[in-house]
Each structure stands twice: as structure tokens, then as C-alpha cells.
S.K.: 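First the structure, which I've put down as C-alpha cells, then a few questions once you've had a look.
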Amino acid sequence: MHFPVTVRDRCLWLGVLVSALAIPAAIQQHAAKDALVAAKTEASKTDALAPKTDAIVHEALAHGHAFAMLESLCTRAPKRLAGSPGADEAVKWAEAEMKSAGLENVHLEECRVPHWERGAIARLQLVAPATFVEVKLPILALGGSVATPKGGVRGEVVEVKSFDELKKLGDAVKGKIVLFNRPMDASLLDTFQAYGGAVDQRGRGALEAGKLGALAAIVRSMTTRIDDFPHTGAMHYDEASPRVPAVAISTAGADRLAGLVRGGAKVEVQLEIDCKEFPDALSHNVIGEIRGTSNPDELVLLGAHLDAWDAAQGAQDDGAGCAQCIEALRLLVSLDMRPKRTLRAVLFMNEENGLRGGLAYHDAHKTELEKHVLALETDRGGFAPRGFETNASARAMELMRPIVATFEACGGSMLKPGGGGADISPLERDGVTVMEYVPDCQRYFDVHHSALDTLDNVNARELELGAALIAALVHGVADLDEALPPNPKPAAAVAPGAAKK
Ligand SMILES: [Zn+2]
């Protein structure tokens, strides 16, 4: 499961000797000795923790429930965008699953959420050049978009790759339909970084196009895969500018449309969607705990989001995270591993198009934020484990490193600086140490927010392994003798509602 001590010691000595070459001789011996003592202390902590991790991983692989839980969520509440009947069903599902997992203090906490429905019509049809009339291109309305007038809008397509390019076109886009066609950068190893570099087109494409008098915005789907599945996601308007319809087009569709435009022909499309905004609805976060033995007021939170886009089942985004949070605690209950501090699973509502659940949790628990030792989120899919990212202080990192080192054989021992997830960003803003579970990211955006986000695209073993490592991580942190030191409150507040997905 972990590195044999003798081999590790040899490696440590080698590292110490190499780094000592540049230091005066008198200091060398002290520094080398201190470094070795620190490394040995960390190694012995890892050795002490390894049997616990091994037991959790074994239990998860032999008798895990995460995949079965995910299957029941996907079957019972496949379309669970906030404010929908599916979301209500998902809340009931989560409450029942937490109770049957043996969690304590299972309860719902209210939040008010936006209620938007995409409607039944999503049609993008080429109407010129004449040879392509009747060709239909796969689209999905973007979340929050207004509808087109009945019968749709017709306009010439203009392709842009950036907002600078759009700005330069200026009045030239008036009365036209703007195709935002900058692909995610496939050369980047981290697909989340590639997503971050392209998603502004989805978020504010319609807003910027509308300001210039365009009729609508068509946005290339956020995936590196070339196929015919459009990927939806959140977009926004502002109070002052005209609201024009916004849709995502499949990558293959975007390439086809752009190819025609670049070919020099005048390309016209007819676009029709019939989405609708309703008044805010009542919904809930779902919470369950394992109470701590000696410091029950101190908390380690683990969270995921219960809502999902309505294109499919939300299996990877974020059904996987929901199943992992409940399963992580169920594993600990079944192994009778109750830590010193309380473990609290929170399934947040409305991450995708409002973050109201995350904000409501923050507001309802304001007085105990200082008691949140750590908040961890899992919202990158249920793929094979790679490790964890965190904004923890250097001392907190030092305390967590021996725990994460026990995940090496599972491929999940990365611990590096980073942030948490969107749902826990309001906690991060108030100084809570946050962390994100990081699985392999190469296939996540193949399915993200599309009709492909279904249970058959989730690997059961990878999902269970992730639940096991999350269980071992939160148990390890909640059971430390010394609580993680708090992070200093950030000087500049993070903007609320800055959902990244
Ligand atoms: Zn998500």
C-alpha cells in the first residue's frame, strides 16, 4: 500500500545530501539531521495511518454502495435542475439514503432557488445557402436564456473567436446571429484549465452580442470531443442590456457552420427555443453527520451538489459526488470508525445556475464557521483518484500530508495548492480551509452538461475508490490530535455566486 521504509530512507538521505552541497559545512549537519527527523516523523505517521486507509479501501472495493446509490439517484431523479420536480425528488432521495447509511442528525435546510425550464423546442436550421436548406444542427438552450419569438429568429451567422473580435465587428453584427467558436485548448493537460479558458463565451456571449444589437448567440459546446452532442450550462444577462436567446451547439455542428461561413457563402439560420423563467422556488440542502467523540463541535464538511442539468442524468456532474459523500460516511459507520470531530455531509442545491444552496448554508451556519476545520467538495466526476487540492496553510498541509501519503497505491496521493469547489466558495471567503477531491480529468468534459452524462459513463470501481479516499481523508483530518490551523480571512472577498460550472 505504501513505500517500504528502508527504500524510502535511502531516498530521503540522497535528497538531503544533494541539497546540502550548497550550504556551509557547520550548518549542513544540523539541517540534514532536522530534515531527516521531519521526514521520518512524517513517514512514521503515514505508517500508523496506512492500516485505516487499507481497511476503508478494501471495504469500498468489496462491499461499496456508491455505484448502487448513484444508480438509484439517476433512475429516480434523472433531471434535477433546481426548482424542478426532479430536484424535489433528489432531496427526498438524499434524505432517505443518508438515513439508511446510518448518519445522524439527518435534516433539510431551506433555500430559495431560481426556476428556469428549457421547454420543448430547440431547433437550429440552415436556411441559406440553398443547397443546405433543411439541415438541422444539434443545440440545447443555455440555462437562463430567454426564448426566441414564436416561430424563431432568422439571421446571418457571424463567427467570432473572442470578445475582442466581436468588439471590432461592432455594428456589423447588428441583426445577425453570433457564433462564438473558440474551442477549449486541447493542448492543455488540465481540462479544467481548458474549460476555464473558453467558458466565458457561454457565460456572457449573449450579453455582449445583445449589446451590439445581435439577434442571438450560438456558443460552441465546452468539450474537446468532436461529436453531435451539445453541452448546456449557465449564462447570464445584466439589467441594462437587451436579452437575446443563447444556445450551445455541438462541436461538430459548430465546425460545420463555421466551415460554411469561412467558405464565403452567406449563411443564414433559423433558431427557435421556448424556454421560460418562473418565480423562485423553495428547495433544500440535505445534511447528515457522524458526531465526533471528543470534539463534536468542530466540523469537517464534505459536500457535493444535488442539482444537475436537465440534458441527462447528471451521473458524473454531480451524482457521483453526492453518492461519494454519503458513501464515505457510510463506510466509516460500517467500519465503526468514529473520529474525534464531527463529519458533516452537505448535498447542496442549485450549484449549476445560482449557487443558492452554498450561499444559504453559509448564511445559516455563520456562527459556527470558525468551527469548520475543513470543507471538502467533490464535483469533478467519479473518475480514478489523483489526489486533492487545497488552500490550506503550510502547517495544515504538513498535518495532512501523512494522511494523503497513504493513498499512493490507489493513485490518489497528490496534495497540492488550489481551491475548493463552487458550493464551498462562500465558506472559503470567510476563511474556512477548503479542499477539492481531484480525480483524473481527461474524460470529464466528454460528458459534462450533455446527454452523455449517464450512468453507463461511470466506472463503478473508480467511483468506489474515490469514496474510499474521501472517507479516509475526512476521517484522518477529523481525528488529528491537533486541529488544522485556521486560514487567515482573505482580504478581498470572493464574489458570491461565482459558480465555475
Ligand atoms: Zn458540478
Side-chain angles (χ1 to χ4, degrees), residues 66 70 73-74 77-82 84 86-87 90 94 111 113-114 116 140 142-144 184 190-196 198-199 202-203 221-223 231-235 248 283 285-286 302-326 345-359 361 375-383 389 418-426 428 434-441 443-455 457-458 463 466-467 470 497-501:
L70 180 58
L73 174 64
C74 290
K79 298 186 178 192
R80 48 184 188 278
L81 194 60
S84 68
C111 56
V113 297
W116 172 90
L140 276 173
L142 291 180
M184 276 172 54
D190 181 351
T191 58
F192 281 84
Q193 202 185 337
Y195 177 73
V199 74
R202 192 189 76 203
S221 285
M222 297 296 133
T223 178
H231 298 232
T232 188
M235 53 80 62
S283 193
N285 294 328
V286 187
L302 60 162
H305 67 86
L306 201 46
D307 61 311
W309 282 107
D310 51 350
Q313 298 175 330
Q316 293 284 17
D317 185 16
D318 186 19
C322 293
Q324 284 179 327
C325 285
I326 303 175
V346 184
L347 300 191
F348 295 94
M349 181 51 68
N350 187 222
E351 187 269 355
E352 295 291 7
N353 60 337
L355 210 65
R356 302 278 186 84
L359 292 164
Y361 179 86
L376 175 148
E377 185 156 347
T378 163
D379 184 18
R380 290 176 171 232
F383 299 96
E389 289 185 5
D423 290 304
I424 55 176
S425 61
E428 181 180 9
V434 293
M435 179 176 257
E436 189 161 28
Y437 169 60
V438 181
D440 183 84
C441 68
R443 287 172 290 149
Y444 183 63
F445 291 98
D446 290 0
V447 304
H448 181 249
H449 298 184
S450 80
L452 294 171
D453 192 2
T454 49
L455 189 71
N457 281 318
V458 179
L463 182 76
I470 290 167
K500 66 177 183 185
K501 284 164 205 162

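Counting starts at 1 for both ligands and their atoms, following the listed order. Values in this document were obtained by computation on a predicted structure and should not be read as measured data.
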S.K.: Which of these, Phe192, Trp309, Tyr195, sits in a ring pair (Phe, Tyr, Trp, His ring centres under 6.0 Å) with His448?
M.R.: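 Running ring pair (Phe, Tyr, Trp, His ring centres under 6.0 Å) over Phe192, Trp309, Tyr195 with His448 returns exactly one hit, Tyr195.
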S.K.: Within the stated cut-off of 2.8 Å, is an N/O/S atom of Asp318 closer than that to the Zn ion (ligand 1)?
M.R.: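 Here the distance criterion (N, O or S atom, under 2.8 Å) is not met by Asp318, so no.
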S.K.: Output yes if Glu352 passes the N/O/S-under-2.8 Å test against the Zn ion (ligand 1); output no otherwise.
M.R.: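 So Glu352 does not count as coordinating the Zn ion (ligand 1).
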S.K.: Verify side chain to side chain donor-acceptor pair (under 3.5 Å) between His305 and Asp317, making sure each step is shown before the conclusion.
M.R.: CA-CA 8 Å; His305 67 86; Asp317 185 16; 2.9 Å; yes
S.K.: Within rounding of 10°, what is the angle whose vertex is the Zn ion (ligand 1) and whose arms end at OD1 of Asp379 and OD1 of Asp317?
M.R.: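 OD1 of Asp379, the Zn ion (ligand 1) and OD1 of Asp317 span an angle of about 100°.
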S.K.: How many angstroms lie between OH in Tyr444 and CD in Gln316, if you round to the nearest 0.5 Å?
M.R.: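 One gets 8.0 Å once the value is rounded to the nearest 0.5 Å.
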S.K.: How far does CG of Asp310 sit from OG1 of Thr232, to the nearest 0.5 angstrom?
M.R.: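 Rounded to the nearest 0.5 Å, the CG-OG1 separation comes out at 6.5 Å.
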